[in-house]
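Since the structure comes first, as structure tokens, the remarks are kept for the end.
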Amino acid sequence: VTLPIGIYRATVRTTDAAFACQVAVREGGDTPLETRTCVRMKDVAWSAKGESRFRKRFSLEVGVGIAQMHDDAFTRRMTDFGYETRFGAPVRGHLQVSAMWNALPYLSLVVEGLMLELGARERVTETMNGAFTQAFKWESFGLAAGLRGGFFMVKDRINPYLQLSAGPAFSLTRFSDNLGASPATVVGWMIRPALGCNFQLHPNVGLFAQLSWVYAPVLRSLLGDVHDSGGFIGAFGVRVSL
Amino acid sequence: VKVLWTLVFFIASCAPNPGDFAQNWSFAAWKDNQPVGWSLVAGEIARVATWHPRDSGLALVAPGTRIEQTRPIDVAREGEVRCVAIDVVADVTREADVRVTLDVGSDGKNDETQVIPQSSWAPLAFLVRFDIPATSLTIGLEKRGEGRAVIANLRVGRCD
């Protein structure tokens, strides 16, 4: 940098600190900027030149929310066969964990784990030997990878985004009756478009809200009926960036 | 997760069960290759899987097969029964010619016969009314023709 003769105050930002320096520029020569003689600045929001305080390389999100319960051919068939659910609620709880590698300024690679569904149906048949109870329970999970693209607003504090992820989905099923239980693991797939927004409260900590739709046709009956463990999901949570 | 399931079944256990005149209406319980509570009168039956390998249905194998169950009705305790609702879930071809029979009073004479139409596990419902109150019901299932006939549910309940 070419400067007129004079005494300057300069702030030097590195990746992990900021320094206040005083530099005397004299005539006819180079004046090195030595940070050894500078004063480290305390409690100053800093970032290296060209980098935003709120854009970090890695992020981790943990979220909870509610997800839509829905009937489909699989569950309607269970109802026809006399298997009943005592939970009439149209929504269920949801849990998700996501890790992001913010590879490009507006594009991130996402890996996420989702608790998709806990389902249960039960049928009680009276017999001359007493009640014969049959229950079918399933717990569905998803593991997906995808891309998240977004933009930044309000000095990079707000980050709306769109995301598309896909990957394997699993259901741990358990059919039980008076004679015993038969657990099984079923593997399928899932796809999940999502839109959301991050709100950075601090360079390393933020909140997020997300709306997504999951299609996860994991369970399949012997009669060919398929159950989608997905649906609409609304989630919010905490985001930690490094 | 275990706590959640405990809660689910605690809530489920608090709910009342609807009354059924037919015992073992889902053919869930079997003993010696025969559904518990049902008598094989003629022919051949088999236990087959339905929507899940552990959910069994009753296959009426040979033409002329008949099973039945007699259920005494305690009028003093259960009240008069002048009408029953029959709910069937079955996988039946047209050629199988499957019928549900009701012998009101269990005197050995079928008072009512309902043909189960061709169906692929669709729920079917019939209403049967009696002139006199039933003191006993003999519920029968018979297959007269060739073809597939698998019964998943045969519920007979009060409709009055």
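A note on names: the letters A, B, ... follow the listed sequences, proteins ahead of strands, and every chain is numbered from 1. Just the heavy atoms: all of them, side chains too, but no hydrogens, waters or symmetry mates, feed the values below.
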**OP:** Go through the steps for B/Lys31 and A/Thr127 under the test side-chain contact (heavy atoms from CB on, under 4.5 Å), then give the verdict.
**Re:** CA-CA 12 Å; B/Lys31 188 177 181 185; A/Thr127 75; over 6 Å; no
Subject >> Contact class of B/Pro35 relative to chain A, heavy atoms under 4.5 angstrom >> reply: neither
Original post:
Given that the side chain runs from C-beta out, which part of B/Thr50 has a heavy atom under 4.5 Å from chain A: side chain, backbone, both or neither?
Top reply: both
Please check if the number of heavy atoms outside [X] that lie under 6.0 Å from its [atom1] is greater than 12.
{"X": "B/Arg47", "atom1": "CZ", "answer": "yes"}
{"X": "B/Asn33", "atom1": "CG", "answer": "no"}
{"X": "B/Asp74", "atom1": "CG", "answer": "yes"}
{"X": "B/Ile132", "atom1": "CD1", "answer": "no"}
{"X": "A/Trp101", "atom1": "CH2", "answer": "no"}
{"X": "A/Ile66", "atom1": "CD1", "answer": "no"}
{"X": "A/Tyr106", "atom1": "OH", "answer": "no"}

Original post:
Can you check side-chain contact (heavy atoms from CB on, under 4.5 Å) on B/Asn24 and A/Phe132, steps first, answer last?
Top reply: CA-CA 8 Å; B/Asn24 196 17; A/Phe132 194 89; 5.8 Å; no
Between [atom1] on residue [X] and [atom2] on residue [Y], distance to nearest 0.5 Å:
{"X": "A/Tyr83", "Y": "B/His52", "atom1": "OH", "atom2": "NE2", "answer": "8.5 Å"}
{"X": "B/Trp51", "Y": "A/Phe136", "atom1": "CH2", "atom2": "CZ", "answer": "4.5 Å"}
{"X": "B/Arg71", "Y": "A/Met128", "atom1": "CZ", "atom2": "CE", "answer": "12.5 Å"}

Original post:
Below 4.5 Å, heavy atoms only, C-beta onward: do B/Asp55 and A/Gln134 meet side chain to side chain?
Top reply: yes
Original post:
Is there a side-chain contact between A/Asp80 and B/Trp121 (heavy atoms, below 4.5 Å)?
Top reply: no
What closest approach, in Å, do [X] and [Y] show between heavy atoms, and which atom pair accounts for it?
{"X": "A/Arg77", "Y": "B/Ser120", "answer": "NH1-O, 3.7 Å"}
{"X": "A/Thr125", "Y": "B/Ser26", "answer": "OG1-OG, 2.7 Å"}
{"X": "B/Ala49", "Y": "A/Leu222", "answer": "CB-CD1, 3.9 Å"}

Is it the backbone or the side chain of [X] that comes under 4.5 Å from a heavy atom of chain B, or both, or neither?
{"X": "A/Arg220", "result": "neither"}
{"X": "A/Asp177", "result": "both"}
{"X": "A/Ala181", "result": "backbone"}

